[in-house]
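Note on naming: letters A, B, ... go to the chains in the order of the sequence lines (proteins, then strands), and numbering restarts at 1 for each one.
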2 protein chains.
Amino acid sequence: MMFSTKAEYGVRVMVELARRAGESPGGAESVVPLAEIAEHDGMPLAYLEHLVARLRKAGLIDSRRGSRGGYMLARPAEEITMAEVVEALEGSIAPIECISQGPDGSIVCSRESDPNHTCPTKLLWTRVRFSIVRTLEDTTVADLIAVPAPTASIPVPA
Amino acid sequence: MMFSTKAEYGVRVMVELARRAGESPGGAESVVPLAEIAEHDGMPLAYLEHLVARLRKAGLIDSRRGSRGGYMLARPAEEITMAEVVEALEGSIAPIECISQGPDGSIVCSRESDPNHTCPTKLLWTRVRFSIVRTLEDTTVADLIAVPAPTASIPVPA
DNA sequence: CTGATACCCTAGCTCTCAGGTAGGTATTTA
DNA sequence: TAAATACCTACCTGAGAGCTAGGGTATCAG
């Protein structure tokens, strides 16, 4: 297990916001109260509030306070990648503790404090990290709202 | 952080075994005592013993007991993939707790106990898992023993 | 204005588990 | 036999995931 439920829950919130954004019949902004999402998906409201705070600080969602308030996506669902969402929730994406991304974008291995002792596994973790990031960047919120209908193609066990 | 030091240490052990296998001048089998690797890489010996036990049970290394005993790779370094190593150490590869691989190879989401409620994030985690596994399968122990000079940047496969 | 709604913030709680220690037994070589 | 080494089981401990608690603050309906 690698990502925590922070990513799990957070992504589900984003998907739910995107779904309801398409629902609004008039020109309404369609802000969604968090309690509604929490109940719909069976996630603890108080915990979601923490995650949503991170998403807001990352500029991925906007909020409206007060009665009739709630949250909405800050940008169209097609323009929000999972890389942004996951990074906002989990922090910098690193497949293993010793690997991180420096401010200049280069991959840094904390085992290599001694410069003439390169870490043999750095190549592996760099590759893994790259493939994860690329996959997350290639998937947007919009990709996840179009889940196929549960009716067809799912065989019901006897 | 996603993989633990189990993967980190275990991979380093495999690489070290591969390196010393190429050293033997005669036709010697070149078994390596674990204490030697532990000291060379600065890893705790008692902890390594646990990890090595997993690698042995997975058939990735062989052992010889008694004085002058030690460990050696069970197969050529080119034929041992990181997917095997990491899976032996960490268990089944899953990017998140709710996702796992069923016995038939299909990806299972534990949130989908209710068959008419498909999990919207399953697509994402499936994609991420697939990209991780593919990267691990494409990298062998042999790829890591040839560490480039500290100067060069690290290439990433397309 | 007043209350209800719902966002927003800070603290702290609990249980799991990564990461490691300890101490013993079995097996081989010299 | 003595030393070296693999092998096994049990235990310990700090940190962090995954919450809960309880307040504060902005906004809107009436």
So, OP1 or OP2 of [N]: does either fall under 4.0 Å of a side-chain N or O from [X]?
X: B:S4; N: C:dG19; result: yes
X: A:S63; N: C:dC8; result: yes
X: B:T5; N: C:dG19; result: yes
X: A:Y9; N: D:dC19; result: yes
X: B:R56; N: D:dC8; result: yes
X: B:S67; N: D:dA2; result: no

Check your understanding: What does B:A46 touch in the nucleic acid at a heavy-atom separation under 4.0 angstrom: a base, only the sugar-phosphate, or nothing?
Key -> base
Practice item. Compare every heavy atom of B:D138 with every heavy atom of B:D143, then report the nearest pair and how far apart it is. Key: OD2-O, 3.7 Å
If you check every side-chain atom of [X], which of [options] has the closest atom?
X: A:R65; options: D:dT9, D:dA26, D:dT20; value: D:dA26
X: A:Y71; options: C:dC7, D:dC7, D:dT20; value: C:dC7
X: B:E49; options: D:dT5, D:dT20, C:dG23; value: C:dG23

Check your understanding: Which distance, rounded to the nearest 0.5 Å, do you find between the CE of A:M82 and the CG of A:L144?
Key -> 4.5 Å
Check your understanding: Is the shortest distance from a Lys or Arg side-chain nitrogen in B:R134 or B:E137 to a carboxylate oxygen in the other one below 4.0 Å?
Key ->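 Salt bridge between B:R134 and B:E137, a charged N being under 4.0 Å from a carboxylate O: no.
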Exercise for review: Take atom CD of A:Q101 as the centre, draw a 6.0 Å sphere, and report whether it contains more than 12 heavy atoms from other residues, nucleotides or ligands.
Suggested key: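 Buried by this count: over 12 neighbours within 6.0 Å.
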